[in-house]
Amino acid sequence: MSENVNVVGMWVTADGHIRQELRADGRYDEARGTRASAYTGSYTVTGAHLDYVDDTGFTATGDIRDGVLYHEHLVLYREAAGS
């Protein structure tokens, strides 16, 4: 079995509109535009696959491919430290 990918950090769309913070405690916080914490919940990682459960019960998935997070219809890039 392959090791889980390290996903902890800030992930952002190319236009910067959506920012998803994946925290080390298994929680996420997603901002959309000027709306902070638009979505919050928990996530688990299995290999390079992510399963999300929003605090409202909504579920979603994502996959890391070539260092890019494909989260449902979104494409997010890891933000460089200090950005």
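Throughout, residue positions are numbered sequentially from 1 according to the sequence presented. Keep in mind that what you see is a predicted model, and the values were worked out from it rather than measured.
Annotation for V68: hydrophobic cluster partners, listed by chain and number, are Y70, V75, Y77 (ILVMFWY side-chain heavy atoms under 4.5 Å, direct or chained). Side-chain heavy-atom separations under 4.5 angstrom define the hydrophobic clusters, and F58 shares its cluster with no other residue.
Under the ring-ring contact (aromatic ring centres under 6.0 Å, His included) criterion, the residue pairs touching residues 9-31 are Y28-Y52, with sequence neighbours excluded. Among pairs with a residue in residues 62-76, none fulfils salt bridge (charged side-chain N to carboxylate O under 4.0 Å, His left out), at least two apart in sequence or across chains. The list of salt bridge (charged side-chain N to carboxylate O under 4.0 Å, His left out) pairs with a residue in residues 24-52, not counting sequence neighbours, reads R23-D25, R27-D55, E30-R32.
With sequence neighbours excluded, the residues forming a side chain to side chain contact (heavy atoms under 4.5 Å, CB included) with V45 are N4, V7, Y43, L50, listed by chain and number. Remark: T56 pairs with D54 by the side-chain hydrogen bond (donor to acceptor under 3.5 Å, both in side chains) rule, at least two apart or across chains. The ring-ring contact (aromatic ring centres under 6.0 Å, His included) test applied to Y39 returns no partner, not counting sequence neighbours. Under the side-chain hydrogen bond (donor to acceptor under 3.5 Å, both in side chains) criterion, T44 pairs with no residue, sequence neighbours left out.
Across A36 and A31, no two heavy atoms sit closer than the pair CA-CB, 4.1 Å.
With contacts defined as side-chain heavy-atom distances shorter than 4.5 Å, the pair M10/R19 qualifies.
Rounded to the nearest 0.5 angstrom, I64 CD1 and H71 NE2 are separated by 11.0 Å.
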